[in-house]
Protein chains: 2
Amino acid sequence: MKFMDPNSDLEELNVLRRLPNVQLGPLNVSAISVATNIYRAGQCLKLKMEREKLSKYDLSWTAFSILYDLWICTSLETRQLAASSGITTATVSNVIKTLENKALCMREVDKKDRRLVNVTITEKGIRIMQDLYPDFHQGEVEIVKELSGEEQETLAKLLRKVIKGMQLSTK
Amino acid sequence: MKFMDPNSDLEELNVLRRLPNVQLGPLNVSAISVATNIYRAGQCLKLKMEREKLSKYDLSWTAFSILYDLWICTSLETRQLAASSGITTATVSNVIKTLENKALCMREVDKKDRRLVNVTITEKGIRIMQDLYPDFHQGEVEIVKELSGEEQETLAKLLRKVIKGMQLSTK
DNA sequence: CACTAATCATTATATAGCTAATGATTTGGA
DNA sequence: TCCAAATCATTAGCTATATAATGATTAGTG
């Protein structure tokens with residue numbers, strides 16, 4: 001898979017130049033820019049991490065996200081894992097099944113509320129995260145290397161604002 | 001699917017608080033914040049648009065992206081569509097097949113280089129985009145409604161910087 | 001012309017993830 | 001106490017997408 005040629009007709013600024021030709025009403029250009037780049041950035045990040053950091057452990061982005069959550073919290077319920085990763089509980093069931101087959105986590109029915117399933121990271125899962133995380137974090141550092149410390153904080157703050165706005169409107 | 005409870009143990013700030021307990025070396029906290037929120041923002045955006053704007057036209061996010069590109073440029077090669085959306089040419093083939101079945105676009109082998117396939121939007125495809133786009137753009141405006149004009153431009157600028165950095169490191 | 005290497009689209013196959021349906025369990029009245 | 005409604009995980013079936021293999025075509029070289 002190749003990324004877009006920076007001189008392509010589909011590069012953001014060229015698209016913005018063509019949009020008025022096909023569209024009638026007034027446009028909020030910076031809103032278009034934000035939307036376009038938010039999704040592209042997310043896809044690039046996922047792709048970069050899967051290629052450079054996760055493939056050698058045979059983990060998908062989603063599987064890593066869930067294992068990461070378990071590493072942080074040791075044990076979590078299915079619905080919590082789903083809410084954190086923005087996927088359905090059905091998808092969590094599948095991913096957990098795969099992780100369980102690799103002995104990276106295990107599931108256990110809650111004793112008080114037998115509808116709940118608690119998922120716990122195994123020793124092997126913890127070892128893998130300890131082995132993997134420094135390299136993964138290095139990837140996080142790489143993607144912001146062009147930004148100053150202040151710019152990094154600004155970017156994170158603005159993204160939180162956007163996310164909060166979307167979550168309110170979607171609920 | 002539900003979003004995460006803002007008071008969850010997995011909420012960003014709580015995770016950052018727990019990370020030092022499981023990790024050894026020093027961490028770049030703002031890099032973690034940027035990475036976490038870039039992906040979440042992208043997923044929220046996709047989800048919001050599919051639910052609120054695209055489902056009534058029975059278009060997936062990817063299918064919309066491709067139709068949008070065709071709307072802007074009228075006609076494009078398979079590989080260009082792939083590069084723009086960050087997917088493989090094989091995936092484009094499938095999506096185009098679906099769009100062609102709905103008569104929203106048509107494909108044609110290039111006359112000069114018979115390896116290439118040119119995909120062209122149909123009249124019906126153009127009508128759908130003209131019908132859909134104002135509402136889609138309204139969604140783009142909604143997601144930045146909490147941001148000032150200046151903040152919107154800053155966010156777009158910082159995202160472009162991050163994307164450019166990732167594309168260089170991935171090539 | 002002929003041969004090779006590169007490029008491209010397609011197909012086959014597998015996985016991730018979704019929605020909807022199901023079954024198990026708990027909760028909250030009546 | 002008992003029944004209805006709500007909650008939760010899982011399963012089934014589907015779509016989107018990825019990778020790898022294949023076949024077709026072109027470009028380059030001699």
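Everything quoted here is computed from the prediction, not taken from an experiment. Per chain, numbering begins at 1; letters A, B, ... match sequence-line order.
Regarding A:Ile96, its CD1 atom lies at a distance of 16 Å from the C1' atom of D:dT11, rounded to whole Å. Between the P atom of C:dT15 and the CG atom of A:Leu59 lies a distance of 15 Å, rounded to the nearest Å. For A:Ile87 and C:dT15, the CD1 to P distance is 17 Å, given to the nearest whole Å. If you take CZ of B:Arg79 and C1' of C:dA6, they are 13 Å apart, rounded to a whole angstrom. A straight line from CG of B:Asn94 to P of C:dA9 spans 14 Å, rounded to a whole angstrom. The nearest whole Å value for the distance from the CG atom in B:Leu81 to the P atom in C:dC8 is 14 Å. One atom, CG of B:Leu76, and another, P of C:dA9, lie 12 Å apart when rounded to the nearest Å. The distance between atom CD of A:Gln43 and atom C1' of C:dA16, rounded to the nearest whole Å, is 13 Å.
By the 4.0 Å N-to-carboxylate-O rule, B:Glu100 lies close enough to B:Arg107 to be salt-bridged with it.
Ring pair B:Phe64/B:Phe136: centre-to-centre distance below 6.0 Å.
Residue contacts for A:Ala63: at a heavy-atom cut-off of 4.0 Å it reaches no nucleic acid atom on any strand shown. Backbone-only engagement by B:Asp113 is indicated by non-hydrogen atom pairs under 4.0 Å involving sugar-phosphate atoms exclusively. As judged by a 4.0 angstrom heavy-atom cut-off over every strand, B:Thr78 is placed among residues touching the sugar-phosphate backbone only. In this structure, A:Val95 reaches the sugar-phosphate backbone alone: every heavy-atom distance under 4.0 Å involves primed, P, OP1 or OP2 atoms, never a base.
Within the 4.5 Å cutoff, the side chain of B:Asp110 has no heavy atoms near those of the B:Val117 side chain.
In the set C:dA9, D:dT19, D:dT26, the nucleotide with an atom closest to the side chain of B:Thr88 is D:dT19. Closest contact between the side chain of B:Arg114 and the listed nucleotides C:dT11, D:dT26, C:dC18 involves D:dT26. Taking the side chain of A:Ser93 as heavy atoms from C-beta on, and the options D:dT10, C:dC18, C:dT11, the nearest nucleotide is D:dT10.
Dashed line: the shortest gap from a side-chain N or O of A:Thr89 to OP1 or OP2 of D:dC8 is not under 4.0 Å.
We find the CD1-CD1 distance between A:Ile38 and A:Ile163 to be 7.5 Å, quoted to the nearest 0.5 Å.
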Run the side-chain hydrogen bond (donor to acceptor under 3.5 Å, both in side chains) check on A:Glu12 and A:Asn37 step by step: do they pass? CA-CA 9 Å; A:Glu12 183 196 351; A:Asn37 288 302; 3.0 Å; yes
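Contact of A:Arg115 with D:dT7 (side chain to base): a donor-acceptor pair of N or O atoms is detected under 3.5 Å.
Where A:Lys111 and A:Lys46 meet DNA chain C, the nucleotide closest to each residue was compared, and A:Lys46 sits on the side nearer the 5' end. Where A:Leu116 and A:Lys97 each meet DNA chain D at their nearest nucleotide, the meeting point lying more 5' is that of A:Leu116.
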